[in-house]
Amino acid sequence: MSRIISYGEAIREATEQEMARDPNVIVMGIGVDDFKAVFGTTGGLLERFGPERVFDTPLSEDAMTGVAIGAGLAGLRPIHVHIRMDFVLLAMNQLVNLAAKTRYMFGGQMSVPIVVRSVIGRSWGQGAQHSQGLHSLFTHIPGLKVFAPSTPYDVKGALIESIRDNNPVMFVEHRMLHYITGDVPEESYTVPFGKARILAEGDDVTIVGISYMAVEAMRARTHLSEAGISAEVIDPVSLSPLDIDTIVESVRRTGRLLVVDSAWTNCGMTAEIVAQVAERLSGAREVRYARMGYAPVPCPTTKNLEDLFYPNSQTIAQTAFTLCRENEPIFAVAHREAAEVSAFKGPF
Amino acid sequence: MENGHGRREEGARVYPTDKVKSPVHLSIGQEGIAVGVCEALRPDDIVFGTYRGHAVYLAKGGDLNQMVAELYGKDTGNARGKGGSMHLVDVPHGVMGTSAVVGTTIPHAVGYAYALRLQKRDQIVVSFFGDGATEEGVWAESMNFAALKKLPVLFICENNFYAVHSHVSARQATDDICARARAFGVPAERIDDDVVALYETVARVTAEMRRTGEGPYMIEVRAYRWKEHVGPNEDYQYGYRSNEEWAPWKQNDQVARLAALLDGAVRGRIEAEVEASIAAAFAYAEESPFPDGAELYTDVFVEA
């Protein structure tokens, strides 16, 4: 049975259901067992499953990632939670040199069934070190899978899929998505890797929105409809493996592609998606392309600069409009801040 | 036990490296550490090692044929040639992997021990690493967590004094690695290259871990890397270390010491067996095929 819950609650519910189903699932990370429970996403797990399966860690991201890998080699299924993806940089050696390569360099004798959850993106003046979306660093690496779902339905199914997967999975959650609500079945289900979701159909332009930018792309679609432009919005859901087929087929129809990431554009997912589409449609279809993402600077803290740093539904709509009607005057959309951004009152 | 010592040490020592087609970091001079530790373990105990891991691999029971085939890059190697000398593995014998990035398997041993406790299994996990690894942040982080959770991990620090060509005195402010371990709450002691004393200590420590279900413990074992950092040659002519420095360690050769404990006839039989097994392993590797080209793309992920 389906009911409306938040993205954050869907994460919690998925974790609880998997922990109940499989005693090898454990949750570890800084603050997972405290009263704030990583924005509520690990709430109640300690009480139900005990301190051996749900435990706080020292501030040792490097070694604790190695501990998760070692526990995974012994048959556990650790979920290692980072309240910010910025902190995952401290674990890059274990993730890139060890987790991603263990199966290959040991000839398939071992596997590393770990899930690394981390939170990206804006909330409220988080500044340069509490905002980065670094998922492209991981999509570059063979041996890692990367999920970045945008809807409550997909986040529950994708997390369950990740926990059951026998490979290392980077699970990316935008902070603002935690508040988004939607229909989520109570029962357990999975959402597969490598399958994009068409959030809304359209004929004039394809907008691919990654993570929270899928939400903003849907709002942009509403703006565009007022100008008579029909946008198709696609959430890749799974960044690695990437379902490029769904995107290519959409662009083959629309002839226009705008890719918007919750991250910088340079050498990132937007570049990868545009390149793959261009390779596939080269000579077969004339396509106009555009990319959007974080401004190419560290994230500023003050509100007025922060607002300029992130793409939003208005700037996405304007870019898509120009892609469709390059000779027309700029598309004016009244600036209205996203409800979840306005509602956020901190502190973290 | 003595037979085991002799065969495995000779296996590591006699290993003719010039046939190997990938970089090797030889254990020669340090075999007594692997043997002294692994002989005191149960077959189902777990070890994690380093890129200088031939001796640990063999001492824990790793298959010699597969190891030599792996060094040759053959399809019959442990990892079908995808790992090589620096990534030896033998899961059935509890060799859970070796890494080319210093210190990186230390937390794996700790995490494995965490899982064993949760699963109510009574195996011991041993983490081998070198003196250089104790300079890595991950060593300190791992010691802290292992002590915090009282995990049944035995840390073996193989102090051979050199990180590549850099002496420990150029890298560490004090020469007391055990004191640093104790500062984290990890009991520690030092043994200077002595296979028998090491065996006895590991037997005692692991028996206590199994009795209580708790650890950790660290043993710093000082030994000497007889050969160059990587490759089969000696490198005393380059001046960063001397034959004089090597001499006492050579004098204290643990392989010769164990061999001398054996009756001449027994020793002769063991040596013949070792020579035969090495010859057989090399023949096996020579005759084995290289992996099929399609192997390039397999084993990146576990397929569903």
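- Scanning both residues, A:Leu242 and A:Pro236, for their nearest heavy atoms gives CD1-CB, 4.0 Å.
- With a 4.5 angstrom heavy-atom cutoff, A:Pro51 touches chain B only via backbone atoms.
- When heavy atoms are compared at a cutoff of 4.5 Å, A:Leu98 approaches chain B solely by way of its side chain, counted from C-beta outward.
- You'll find the side chain of A:Leu137 reaches within 4.5 Å of the side chain of A:Leu89, heavy atoms only.
- Nearest heavy-atom pair, A:Val32 versus A:Phe55, reported as atom, atom and distance to 0.1 Å: CG2-O, 3.3 Å.
- At a 4.5 Å heavy-atom cutoff, the contact between B:Val101 and chain A is made by side-chain atoms alone.
- In terms of heavy-atom pairs under 4.5 Å with chain B, the best-connected choice from A:Gly107, A:Pro113, A:Pro78 is A:Gly107.
- Within the model, atoms CZ of B:Phe129 and CZ of B:Phe155 stand 6.5 Å from one another, a figure rounded to the nearest 0.5 Å.
- By number of non-hydrogen pairs under 4.5 angstrom with chain B, the leading residue of A:Ala63, A:Pro23, A:Gly108 is A:Ala63.
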_side-chain contact (heavy atoms from CB on, under 4.5 Å) for B:Leu58 and B:Leu64? Distances and angles first, verdict last._
CA-CA 7 Å; B:Leu58 291 171; B:Leu64 179 62; 3.8 Å; yes
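- In terms of non-hydrogen atom pairs under 4.5 Å with chain A, the most contact-rich of B:Pro92, B:Gly84, B:Gly97 is B:Gly97.
- Across B:Ala113 and B:Leu151, no two heavy atoms sit closer than the pair CB-CB, 4.1 Å.
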*Take B:Val56 and B:Glu158, measure what side-chain contact (heavy atoms from CB on, under 4.5 Å) needs, and give me the verdict at the end.*
CA-CA 11 Å; B:Val56 168; B:Glu158 301 190 40; 4.3 Å; yes
Atom pairs (donor, acceptor) spanning chain B and chain A, under 3.5 Å:
{"residue": "B:Asn78", "atom": "O", "partner": "A:Gln109", "partner atom": "NE2", "Å": "3.0"}
{"residue": "B:Arg80", "atom": "NH1", "partner": "A:Gly107", "partner atom": "O", "Å": "3.3"}
{"residue": "B:Val91", "atom": "N", "partner": "A:Gln109", "partner atom": "OE1", "Å": "3.3"}
{"residue": "B:Thr104", "atom": "O", "partner": "A:Gln94", "partner atom": "NE2", "Å": "3.0"}
{"residue": "B:His108", "atom": "NE2", "partner": "A:Gln94", "partner atom": "OE1", "Å": "2.8"}
{"residue": "B:Tyr114", "atom": "OH", "partner": "A:Glu52", "partner atom": "O", "Å": "2.6"}
{"residue": "B:Gln119", "atom": "NE2", "partner": "A:Ala74", "partner atom": "O", "Å": "3.0"}
{"residue": "B:Arg121", "atom": "NH1", "partner": "A:Ala74", "partner atom": "O", "Å": "3.3"}
{"residue": "B:Glu141", "atom": "OE1", "partner": "A:Ala63", "partner atom": "N", "Å": "2.7"}
{"residue": "B:Leu296", "atom": "O", "partner": "A:Tyr104", "partner atom": "OH", "Å": "2.7"}
{"residue": "B:Asp299", "atom": "O", "partner": "A:Tyr104", "partner atom": "N", "Å": "3.2"}
{"residue": "B:Val302", "atom": "N", "partner": "A:Asn167", "partner atom": "OD1", "Å": "2.7"}
{"residue": "B:Val302", "atom": "O", "partner": "A:Asn167", "partner atom": "ND2", "Å": "3.2"}

*For A:Ile30 and A:Ile83, run side-chain contact (heavy atoms from CB on, under 4.5 Å): C-alpha distance rounded to whole Å, both residues' side-chain angles, the deciding distance at 0.1 Å, then the answer.*
CA-CA 8 Å; A:Ile30 296 168; A:Ile83 203 162; over 6 Å; no
*Step by step, work out the side-chain contact (heavy atoms from CB on, under 4.5 Å) result for A:Ile69 and A:Ile114.*
CA-CA 7 Å; A:Ile69 293 169; A:Ile114 66 171; 4.1 Å; yes
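- Among the candidates B:Val91, B:Leu148, B:Ile46, the residue making the largest number of heavy-atom pairs closer than 4.5 Å to chain A is B:Val91.
- You'll find the side chain of A:Phe193 reaches within 4.5 Å of the side chain of A:Val169, heavy atoms only.
- Looking at B:Leu88, the atoms closer than 4.5 Å to chain A (heavy atoms on both sides) all sit in the backbone: N, CA, C or O.
- In this structure, the portion of A:Ile26 lying under 4.5 Å from any heavy atom of chain B is its side chain and not its backbone.
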